[in-house]
Amino acid sequence: MTRYILHGDGDNFFASCLIAKYPSLRGKPLVVGAERGMVTALSIEAKAIGLARGMPIFEVRARFPEAVILSGDYKLFAQVSRRMHSLIEQTTDAIEKYSIDESFADITEAIEKRRSSPEIIGKEIKERTFIQLGIPISFGIAPTKTLAKLVSTSSKPNGFRVAMTDKELSPILSEVPIEKVWGIGRRTAIKLRARGILTALELRDAPVEILAHFASPIIDIQKELRGTIVHPINKEGALQQSMISSLSFPATTDRTFIHKEFIRHIEHVCARLRKHEAVGRTFTIHIKNSAQELRSETCVLPQHANTPGTYIDHFERLFTRLIKKGERVRTTGICISDIIPQSAANTSLFDHRDVRENEIYATLDQLHKRGLEVKTGTGI
DNA sequence: TCTGGGGTCCTAGGACCC
DNA sequence: TCTGGGGTCCTAGGACCC
């Protein structure tokens, strides 16, 4: 049975949030990203004068003195994001928060229950979010997530569009270059183009023989473009599969500094694990050097854990293997995966030190919750 | 000890997304 | 064009077991 899938996507989300909070910014060429030294978001006016994402901030200052340059306010963005999500949730609980400024929702039941239409229900959501949040969000309604994303994008800026039939969808798909289709990146686009597939419409209508040369994700995308759901709505609730912390700095060969950065990453991710009452087991550390090469080392812990001491024990071995003498390092990062709920971990296997460490960190987390700043060292 | 086949975990990296 | 931080999923070789 055909479903009505809604996709909501904030327009220039970071810039729009800041404009909603500081109305005096409205109409100005606003650039967000001062804290990273790089443009991460732009207002419409900033795009109009030729600014683009990824541009270094020093270049913006030099070439566009009229631009207003701000740092991102990630607490504000997260807050607006949560509200956007909960406003859609008033219509259906079959909702997936896909990213900070995007949500998918299945509004089929809402339409049936109220004997209504996708146009009416969708418009309601659109108006509700615009009035409550004061930021433009574009919405698209189509039979699958892949199609809904293309439809919402085609409706920008501040748009709303329903496209359920071939007749409605084909003209939209014919305007979409192949690399703009969700899941098709630069590499795959090159291969598809080599076989004469240039648009979303051409991918939808491509014969099986041609797609046989490609891996299954492409076949899935084609199904979605044809209106068959391959990627269902993922409701909230599941734990993340991995947690990452990484940070860049001016390239250095200072091993002590690099080491300290890693320890901070470990403490950071462990704190997040504990916040989610989760534990992880697969531990990867990575660096990027001045030649932009990315290298990593991985190990699997004997048991799941969420306190720094356990990770630091294994970290020393990985660190020695990873860092070459005299290498100029500009990014360090760690990733903890194989994440499961703490309750599902076999705590009876914890050794005594783990138990002790867990108690200590539980106390620290409690203090932290009460707003007391607690500085931890490098684990126990 | 080698020969063979099959399964699973570990590890490193790639491609893609926002 | 790889700027930057946080994610997902897939692949392929090697280790190790039966």
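Lettering follows sequence order; numbering is per chain, from 1. Computed from a predicted model, the values in this text were never measured in an experiment.
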Asks: Could you state the atom-to-atom distance from NE2 of A/H7 to C1' of B/dC18 in whole Å?
Replies: 10 Å

Asks: Determine the contact category for A/T40: base if any of its heavy atoms lies under 4.0 Å from a base atom, sugar-phosphate if only primed atoms, P, OP1 or OP2 are that close, otherwise nothing.
Replies: nothing

Asks: Round to the nearest Å and state the distance from A/I184 atom CD1 to B/dC17 atom C1'.
Replies: 13 Å

Asks: In whole Å, what is the span from the CG atom of A/D9 to the C1' atom of B/dC17?
Replies: 12 Å

Asks: Assuming nearest nucleotide by heavy-atom distance, tell me which of A/T331 and A/P217 is located more 5' along DNA chain C.
Replies: A/T331

Asks: Does NZ or CZ of A/K126 come closer than 6.0 Å to the centre of the six-membered ring of A/F139, within 45° of the ring's axis?
Replies: no

Asks: Going by the salt bridge (Lys or Arg N to Asp or Glu O under 4.0 Å) test, name the single residue among A/E109, A/E112, A/E224 that passes it with A/R3.
Replies: A/E109

Asks: With both distances under 3.5 Å as the test, what is the Watson-Crick or G-U wobble partner of B/dC18?
Replies: C/dG5

Asks: From B/dA15, B/dC18, B/dA12, pick the nucleotide closest to the side chain of A/Y98?
Replies: B/dC18

Asks: Indicate whether OP1 or OP2 belonging to B/dA12 is found under 4.0 Å from a side-chain N or O atom of A/T298.
Replies: yes

Asks: Using the side-chain heavy atoms of A/Q241, tell me which of these nucleotides is nearest: C/dG4, C/dT8, B/dC16.
Replies: C/dT8

Asks: Taking only side-chain nitrogens and oxygens of A/S242, does any of them come within less than 4.0 Å of OP1 or OP2 of C/dT8?
Replies: yes

Asks: Within the 4.0 Å heavy-atom criterion, would you say A/K149 contacts the bases, only the backbone, or no part of the nucleic acid?
Replies: sugar-phosphate

Asks: Quick one: does A/T188's side chain have a donor or acceptor within less than 3.5 Å of a partner on A/I184's backbone?
Replies: no

Asks: Within the structure shown, what part of the strands sits under 4.0 Å from A/L294 by heavy-atom distance: base, sugar-phosphate, or nothing?
Replies: nothing

Asks: Between A/S248 and C/dG5, does any side-chain N or O lie under 4.0 Å from OP1 or OP2?
Replies: yes

Asks: Say we look at C/dG4 and B/dA12: how far apart would their P atoms be, to the nearest angstrom?
Replies: 24 Å

Asks: Assign A/I100 to base, sugar-phosphate, or nothing according to its heavy-atom contacts below 4.0 angstrom with the strands shown.
Replies: nothing

Asks: C/dG4 C1' sits how many Å from A/M55 CE, rounded?
Replies: 16 Å

Asks: Students often get this wrong, so: under 4.0 angstrom with heavy atoms, is A/C299 touching a base, only sugar-phosphate, or nothing?
Replies: sugar-phosphate

Asks: Is A/S296 near enough to B/dG13 that one of its side-chain N or O atoms lies under 4.0 angstrom from OP1 or OP2?
Replies: yes

Asks: Strictly below 4.0 Å: does A/R330 bring a side-chain N or O up to OP1 or OP2 of C/dG4?
Replies: yes

Asks: Checking all strands, does A/V269 fall into the base, sugar-phosphate, or nothing category for heavy-atom contacts under 4.0 angstrom?
Replies: nothing

Asks: Check every atom of C/dG4, B/dA15, B/dC18 against the side chain of A/M38 and return the nucleotide holding the closest atom.
Replies: C/dG4

Asks: Give the ring-plane orientation class for A/H7 versus A/F104, where under 30° counts as parallel, over 60° as perpendicular and anything between as tilted.
Replies: tilted

Asks: Which comes earlier along DNA chain B counting from the 5' end, the contact point of A/R281 or that of A/R295, where each point is its nearest nucleotide?
Replies: A/R281

Asks: Would you kindly give the CD1-to-C1' distance between A/I339 and C/dG7, to the nearest whole Å?
Replies: 11 Å

Asks: Give the minimum heavy-atom separation between A/S99 and A/S81, together with the two atoms involved.
Replies: O-OG, 4.4 Å

Asks: Return no unless some side-chain N or O of A/R272 is found under 4.0 Å from OP1 or OP2 of C/dG7.
Replies: yes

Asks: Across the strands shown, which category fits A/R36 at heavy-atom distances under 4.0 angstrom: base, sugar-phosphate, nothing?
Replies: base

Asks: Would you call the rings of A/F262 and A/F319 parallel, tilted or perpendicular, where under 30° means parallel and over 60° means perpendicular?
Replies: perpendicular

Asks: Let me spell it out: for each of A/H268 and A/G54, pick the nucleotide of DNA chain C with the closest heavy atom. Which residue's pick is nearer the 5' end?
Replies: A/G54

Asks: What is the separation between atom CD1 on A/I336 and atom C1' on C/dT8, rounded to the nearest whole Å?
Replies: 17 Å

Asks: Provide, to the nearest angstrom, the distance between the CG atom belonging to A/N289 and the C1' atom belonging to C/dG4.
Replies: 16 Å

Asks: Taking 4.0 Å as the cut-off, does a side-chain nitrogen or oxygen of A/T282 come that near to OP1 or OP2 on B/dC10?
Replies: no

Asks: From C-beta outward on A/R186, which listed nucleotide comes closest to its side chain: C/dG6, C/dG4, B/dC16?
Replies: B/dC16

Asks: Please check the phosphate of C/dG7 (OP1 and OP2 only) for any side-chain N or O of A/Q240 closer than 4.0 Å.
Replies: yes

Asks: Between C/dG5, B/dC18, C/dG4, which nucleotide gets closest to the side-chain atoms of A/D101?
Replies: B/dC18

Asks: Could you give the CD-to-C1' distance, from A/E293 to B/dA12, as a whole number of Å?
Replies: 14 Å

Asks: Start with the C-alpha gap between A/E267 and A/R264, add the side-chain angles, then the distance that decides, and say whether salt bridge (Lys or Arg N to Asp or Glu O under 4.0 Å) holds.
Replies: CA-CA 5 Å; A/E267 293 182 339; A/R264 281 185 25 200; over 6 Å; no

Asks: If only side-chain N and O atoms of A/S246 are considered, is one of them under 4.0 Å from the OP1 or OP2 phosphate oxygen of C/dG4?
Replies: no

Asks: Does A/K167 offer a backbone N or O that forms a donor-acceptor pair with the side chain of A/S170 under 3.5 Å?
Replies: no

